[in-house]
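I have placed the structure first, in the form of structure tokens, so that the comments after it can refer back to it.
In the text below, chain A, chain B and the rest are named by the order of the sequence lines, each starting its count at 1. Note that the structure is predicted; figures quoted are calculated from it, not measured.
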2 protein chains.
Amino acid sequence: MPDSLTGRRRSVLHETRCQTCSLSSLCLPLALEIQDMDQFDAIIRRRAPLKKGETLFRQDSPFTSVYAVRSGSLKQVTTEGSGDDQLTNFYLPSELVGLDGIDEEHYPGTAVALETTTVCEIPFDRLDHLSESLPELRGQLYRSMSKELREDRRMMRLLSRKTADQRLASFFTGLSDRFRRRGYSPYSFRLSMSRADIGNYLGLAVETVSRILGRFQSQGLVEVSGREVHILDLESLILVAEEEGAR
Amino acid sequence: MPDSLTGRRRSVLHETRCQTCSLSSLCLPLALEIQDMDQFDAIIRRRAPLKKGETLFRQDSPFTSVYAVRSGSLKQVTTEGSGDDQLTNFYLPSELVGLDGIDEEHYPGTAVALETTTVCEIPFDRLDHLSESLPELRGQLYRSMSKELREDRRMMRLLSRKTADQRLASFFTGLSDRFRRRGYSPYSFRLSMSRADIGNYLGLAVETVSRILGRFQSQGLVEVSGREVHILDLESLILVAEEEGAR
DNA sequence: CCTCCTCCTTGATCATGATCATGGCGGACA
DNA sequence: TGTCCGCCATGATCATGATCAAGGAGGAGG
């Protein structure tokens, strides 16, 4: 595709410019001035939307880009040996996928769309180069990685010290919070992932996820119907999530 | 202390220059040319050695610097609520401590020396600024963070899918590998952490750590006497660590 | 409309590792 | 040299959540 078409293509397909993107206050260019944002904009590559189940990149394929989620959601799955998968993260709009591939030159997991999903592709060599002249961009990149580190540590705590109830409560309060920050209702949302995905992520069997969801429902904490979730008592749910001395 | 003393002080106390540091092939300035290394060297601050049990930085104190371990070892502990600690990492020489404090402006955990430990303090604002003109340094910093992300994911897998046996086997093979890379024997080493630390890190009760260590010993995999460890059969230990279909 | 298949729920049993309890070892210090 | 205290080992019991098993609900496609 000739470059001359790119401009038109972009505006036709979707609003693809950071300046008009509703996520710009959460996303990587968050701290940039308008003229800097244009420079950043220029290195971004559009991708055709992914359909549910399609992969953005595969484990062990060469690392070239990081991706900002624009709409939809993804999971990242690492396979080791035969059939033993570990779901390491879910990614929502404005979050960066692929940062853990920077060293080693290949992606350490496969990123799979959980629903129709659009992403902004950011070639890493160009991002790195641009970060030389844009300190705010560089800072934001450091912060994104640092934040992911902190969240991984939270996850490690969850996996090593929390009961099944606490894990699920954390999962829902966490999701609720992420939706709120993105301007969606923190009380009503649709899960894009299956129970199996949730269980895999939280280190629980599917059956356990089901059972505890049922219990939360009978306790009046949430109302769950398939993948539709209504949080009825967020405060109590937070209490359950942080309950101490359990286990 | 007047600045004029610093130069002398450095050379008297220890070899503190990266160029003469035996870790330079593993540490942050790894990819730098000699003249660039001098620039990097100039921003590093020496600290008095920490004694066992002393803290390098405390949870929630303001983030200012990252630290490269020079000798000894540290643990990082996050406290939540009352008395519920989570040990999130052990740090060996050449590793960077504090990267998870970059966003949020404070450290998310307390770093405690497990033995007499020396570190190089690297003020982050100066590091960031220097990374503008030294692409190799910047790249190395990105890679360090990315690597830590990948290792966190490995840890998440360990915590959510591995049995107690596999966890301990992983812990020992991991340590062995880290010692090897640093030029120490991968078969004989001294643990700088207590059984309680190991258990906390791996999500196991102290008793379980003890029991399994005993079993490994009776199986001829290792020989353990207090904190002195001899790995007798590294291959089998690796097999145990990666054993599939367990649990 | 029916069928198939995936995803989810629920019940019964079992196993792993936590917890509780006790005792031993070894180093620091008087 | 004896005592104390932190760290470690080991035994007995228990609880959480995994596993095995079966069945239901809902959606896609004929």
Side-chain angles (χ1 to χ4, degrees), chain A residues 51-53 75 83-87 112 114-115 158-171 190-219 222-229 240 243-247, chain B residues 51-53 75 83-87 112 114-115 158-171 190-219 222-229 240 243-247:
Chain A
K51 288 197 280 288
K52 181 174 173 172
K75 62 178 174 181
D84 180 30
D85 286 357
Q86 168 72 24
L87 204 166
V112 180
L114 292 169
E115 57 197 311
L158 179 144
L159 292 172
S160 83
R161 318 211 81 73
K162 295 197 172 183
T163 63
D165 287 51
Q166 294 175 297
R167 293 182 200 195
L168 268 160
S170 293
F171 182 69
R190 186 169 211 307
L191 299 173
S192 59
M193 67 291 284
S194 67
R195 303 284 191 273
D197 285 339
I198 298 175
N200 187 318
Y201 179 58
L202 297 177
L204 299 172
V206 199
E207 295 92 328
T208 307
V209 175
S210 240
R211 267 185 259 275
I212 293 177
L213 247 45
R215 188 143 41 75
F216 281 178
Q217 180 145 13
S218 71
Q219 291 169 341
V222 297
E223 194 178 293
V224 184
S225 165
R227 297 196 174 181
E228 213 60 52
V229 176
V240 172
E243 197 162 72
E244 275 170 53
R247 155 142 294 209
Chain B
K51 287 197 282 287
K52 181 175 174 173
K75 62 178 173 182
D84 181 29
D85 286 356
Q86 167 72 26
L87 203 166
V112 180
L114 292 169
E115 58 196 311
L158 178 144
L159 291 172
S160 83
R161 316 213 82 77
K162 294 197 173 183
T163 63
D165 287 50
Q166 294 175 298
R167 293 182 199 194
L168 269 159
S170 292
F171 181 70
R190 186 177 169 64
L191 300 172
S192 58
M193 67 291 285
S194 68
R195 303 285 192 271
D197 285 339
I198 298 175
N200 187 318
Y201 180 60
L202 297 177
L204 298 173
V206 199
E207 295 92 327
T208 307
V209 175
S210 244
R211 267 186 259 276
I212 293 176
L213 247 45
R215 188 142 41 76
F216 280 178
Q217 180 146 15
S218 72
Q219 291 168 342
V222 297
E223 194 178 293
V224 184
S225 165
R227 298 197 175 180
E228 214 59 52
V229 176
V240 172
E243 201 161 70
E244 274 170 51
R247 148 140 300 209

Under 4.0 Å between any heavy atoms, over every strand shown, what does A:Gly199 touch: base, sugar-phosphate, or nothing? Just pick one. nothing
Note: for B:Ile212 and B:Glu207 on DNA chain C, the residue whose nearest nucleotide lies more 5' is B:Ile212
Sugar-phosphate only, base, or nothing, as touched by B:Arg215 at under 4.0 Å among non-hydrogen atoms: nothing
What integer distance in Å separates A:Leu114:CG from C:dC7:C1'? 15 Å
Counting any heavy atom closer than 4.0 Å, what does A:Leu213 reach on the DNA or RNA strands: base, sugar-phosphate only, or nothing? nothing
Considering only heavy atoms and no angle criterion, is a donor-acceptor pair shorter than 3.5 Å present between the side chain of A:Arg167 and the base of D:dG17? no
Return the value, rounded to whole Å, for the distance between atom CG of B:Leu204 and atom C1' of D:dA9. 16 Å
Between D:dC7 atom C1' and B:Asn200 atom CG, what is the distance in whole Å? 16 Å
Taking donor-acceptor contacts at under 3.5 Å, does the side chain of A:Arg211 reach the base of D:dT19? yes
Check the side chains of A:Ser210 and A:Glu207 for a donor-acceptor pair under 3.5 angstrom, ignoring hydrogens and angles. no
Taking CZ from B:Phe216 and C1' from D:dT10, how many angstroms apart are they, rounded to a whole number? 17 Å
Atom-pair distance (CZ on A:Arg227; P on C:dC7), nearest Å: 7 Å
Can you find a pair of side-chain heavy atoms, one from B:Arg161 and one from A:Gln86, that are under 4.5 Å apart? yes
Integer-rounded Å distance: C:dC25 C1' and B:Arg195 CZ: 12 Å
Sort out for me which residue in A:Ile198, A:Leu202, A:Val112, A:Asn200 forms a side-chain contact (heavy atoms from CB on, under 4.5 Å) with A:Leu87. A:Asn200
Distance alone, cut at 3.5 Å: any donor-acceptor contact between the side chains of A:Gln166 and A:Thr163? yes
How many whole angstroms separate atom CD of A:Glu228 from atom C1' of C:dC8? 16 Å
Mind calculating the distance between CG (B:Leu202) and P (C:dT16) to the nearest angstrom? 18 Å
All heavy atoms of A:Ala169 vs all of A:Val240, minimum pair found to be CB-CG1, 3.7 Å
Could you check whether B:Ala205 gets within reach of a base, just the sugar-phosphate, or nothing at all, counting any heavy atom under 4.0 Å? base
At under 4.0 Å between heavy atoms, what does A:Ser210 touch on the DNA or RNA strands: base, sugar-phosphate, or nothing? base
Can you figure out which of C:dA18, D:dG17, D:dA18 approaches the side chain of B:Thr208 most closely? C:dA18
